[in-house]
Amino acid sequence: MSVQLLTYVLVGITFALYIGIAIWSRAGSTKDFYVAGGGVSPLANGMATAADWMSAASFISMAGIISFSGYDGSVFLMGWTGGYVLLALLLAPYLRKFGKFTVPDFIGDRYYSKTARLVAVICALFVSFTYIAGQMRGVGVVFSRFLEVEVNTGVYVGMGIVLFYAVLGGMKGITYTQVAQYCVMIFAFMVPAIFISIQMTGNPVPQFGFGDRAHDGVYLLDKLDGLQQELGFHEYTSGSKSTLDVFLITAALMMGTAGLPHVIVRFFTVPKVKDARKSALYALIFIAILYTTAPAIAVFARTNLIETVSGKSYSDMPEWFTKWEKTGLLSFEDKNNDGNIQYLADASKNELTIDRDIMVLANPEIARLPNWVVALVAAGGMAAALSTAAGLLLVISSSISHDLLKKMVMPQITEKQELWAARASSFMAVCVAGYFGIHPPGFVASVVALAFGLAAASFFPAIVLGIFSKRINKEGAISGMIIGLGITLYYIARFKLNWIGSVATSGKENWWFGISPEGFGTVGMFMNFIVAIVVSKFTKQPPQEIVDIVENVRIPKGAGQAQTH
Amino acid sequence: MFIEPSNFKIMINTSNDAYWKENLKYLFVLLCIWFIVSFGFGILLVDTLNQIKIGGFKLGFWFAQQGSIYVFILLILIYVILMNRLDKKYNLNE
């Protein structure tokens with residue numbers, strides 16, 4: 001069977017599976033809709049969290065980014081896994097004990113203030129929308145390459161599927177579909193990795209394989225370091241960024257991970273505090289399977305790519321080369337007219353441009369793996385994008401129907417009306433996300449990474465202080481969030497998006513202390529902490545009932561009762 | 001023995017405080033390790049550790065792309081075990 005036909009079959013089967021699960025797990029109440037009835041087992045929740053967490057960016061882009069940046073790519077590996085340690089130790093158990101539906105619920109109640117709740121809702125919506133547009137785009141890209149339909153058609157199909165199970169099933173439908181999507185995704189990621197590892201080193205475990213010897217007896221990493229230097233690139237195993245910047249970006253990604261509402265809300269779905277801890281453990285194990293394999297794929301793909309194309313004749317290029325040329329994501333320009341491909345770091349002599357996003361998708365083809373593996377990767381990429389989109393959708397719809405409508409605008413609506421409002425707002429959210437997927441604003445791609453910085457600078461300090469300090473009051477928390485978010489937004493607008501100030505002065509040399517916009521979230525986070533603590537010190541203590549809430553949250557017993565709303 | 005309700009409440013509060021203090025102690029130790037393996041071995045000390053090679057891996061590079069992640073899993077595992085024990089000790093488990 002051809003790759004295309006196989007892809008249709010595999011993607012069709014997985015879609016049918018997701019829809020079937022959605023029908024089987026319809027939501028009957030708002031509690032089902034927001035937190036899956038609070039009855040998900042820690043193992044299933046861990047798997048769903050992993051699928052929720054690993055987006056099109058993790059599945060498609062991450063290995064590609066590492067492949068092109070070598071050691072510098074470590075920021076994503078450490079940042080996106082290390083955040084789970086913070087989540088498990090500092091947030092998940094306490095927020096589960098608190099036992100409400102959303103992150104703004106916690107902020108609003110703990111800081112006894114509608115303003116605080118509103119600030120939290122705005123942060124949640126902003127972070128989730130920038131994120132979801134990227135997912136819709138991811139679905140479109142996978143469709144267009146493998147099914148050879150237009151990117152837009154791909155986005156429409158993706159919207160239809162997500163809409164179906166998110167609107168029908170809410171968190172309950174999403175959770176169980178995500179379990180299935182995790183299995184599809186991880187299988188699709190591991191199979192080609194294992195194949196290629198065996199092919200290149202004879203070692204079936206990719207995690208060990210990339211530290212092993214290639215068939216010519218040289219260690220693979222040494223060989224790649226050599227190849228990179230020959231072509232003028234920096235050595236693969238050492239970095240090109242400053243240590244301070246690597247430090248701050250990693251920190252921003254970690255705190256951001258722990259502050260992302262669509263991840264936090266997953267821990268509201270398990271029955272007990274104990275389960276929330278266990279669930280974080282499972283989630284990290286499931287995530288780590290992909291995250292420890294990605295750097296191996298990066299090394300294999302990089303070595304394979306250089307060996308296949310560098311200095312070789314253009315007319316000898318395999319089929320995948322021309323196929324990807326058609327998508328415009330790979331291009332060759334014969335500058336010195338010798339018919340060979342010069343792939344070099346020096347931009348004036350380099351003749352090959354490769355979009356780093358194609359590395360994972362093209363990898364099985366570059367390594368000449370069987371067609372069904374290629375089709376499997378397409379289905380996996382789709383699962384990754386859909387599962388994350390659904391999780392984000394739920395945060396958006398619950399922010400609107402629960403935090404805004406029920407808690408602020410119309411507190412008198414019944415549960416049934418709230419459930420319909422939740423469905424209606426997820427419908428609208430899908431449409432908006434689809435619109436952004438079809439007409440991506442130029443800044444979306446860069447803002448997705450920055451969403452972490454914003455989450456780190458706003459939510460993370462507010463939640464941690466809310467649990468670990470009884471003295472932090474609403475004045476402190478609100479001013480901390482506004483300053484943290486404000487300064488981070490300013491820095492991004494100034495140096496990344498060029499909305500403020502002149503483009504001429506937004507270059508690297510003008511960054512404050514050489515801190516990149518991606519790493520600035522860490523600075524915003526520290527500012528938030530300092531402002532919140534200082535302001536609280538000079539304003540009046542929070543009332544006794546708030547102190548009681550904090551004391552109650554710290555003790556695991558009684559989470560079952562606390563959950564009823 | 002008969003305990004005054006007010007005394008009873010104080011007893012619960014002091015035992016909850018002790019529980020919280022032990023919890024904080026665990027968090028401190030675990031987060032120190034978290035910091036050392038990622039920010040320490042993977043970033044600040046990476047060049048020094050890269051002098052050491054294990055198999056084909058330079059050690060600093062390995063910590064940044066593999067080792068730190070394995071340690072993260074272990075940290076959460078240890079935390080889960082410690083907290084389950086602590087919950088039992090203070091009779092707070094469900």
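Chain naming here is simple, since letters A, B, ... match the order of the sequence lines and numbering starts at 1 in each.
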If I measure from the heavy atoms of chain B, does A:Leu244 come under 4.5 Å with its side chain, its backbone, both, or neither? neither

Assess, by modelled atom type and distance only, whether the side chains of A:Asp548 and A:Gln544 contain a donor and an acceptor separated by less than 3.5 Å. yes

Under 4.5 Å from a heavy atom of chain A, the part of B:Asn84 involved: both

Could you tell me whether a side-chain N or O of A:Lys278 sits under 3.5 Å from a main-chain N or O of B:Val80, the two making a donor and an acceptor? no

Measure the CD1-CZ distance between B:Ile33 and B:Phe28 for me, rounded to the nearest 0.5 Å. 11.0 Å

Region of B:Tyr70 in contact with chain A, defined by heavy-atom distances below 4.5 Å: side chain

Tell me, for A:Ile287 versus chain B, whether the close heavy atoms (under 4.5 Å) come from the side chain, the backbone, both or neither. neither

Could you look at B:Phe72 and say if it's the side chain, the backbone, both or neither that has a heavy atom under 4.5 Å from chain A? both

Among A:Leu86, A:Leu89, A:Leu77, which residue forms the greatest number of heavy-atom pairs with chain B at distances under 4.5 Å? A:Leu89

Which portion of B:Ser68 sits near chain A, non-hydrogen atoms under 4.5 angstrom: side chain

Given that the side chain runs from C-beta out, which part of B:Val46 has a heavy atom under 4.5 Å from chain A: side chain, backbone, both or neither? side chain

Would A:Arg554 pass as a cation-pi partner of A:Tyr94, given that its NZ or CZ must be under 6.0 Å from the six-membered ring centre and within 45 degrees of the axis? no

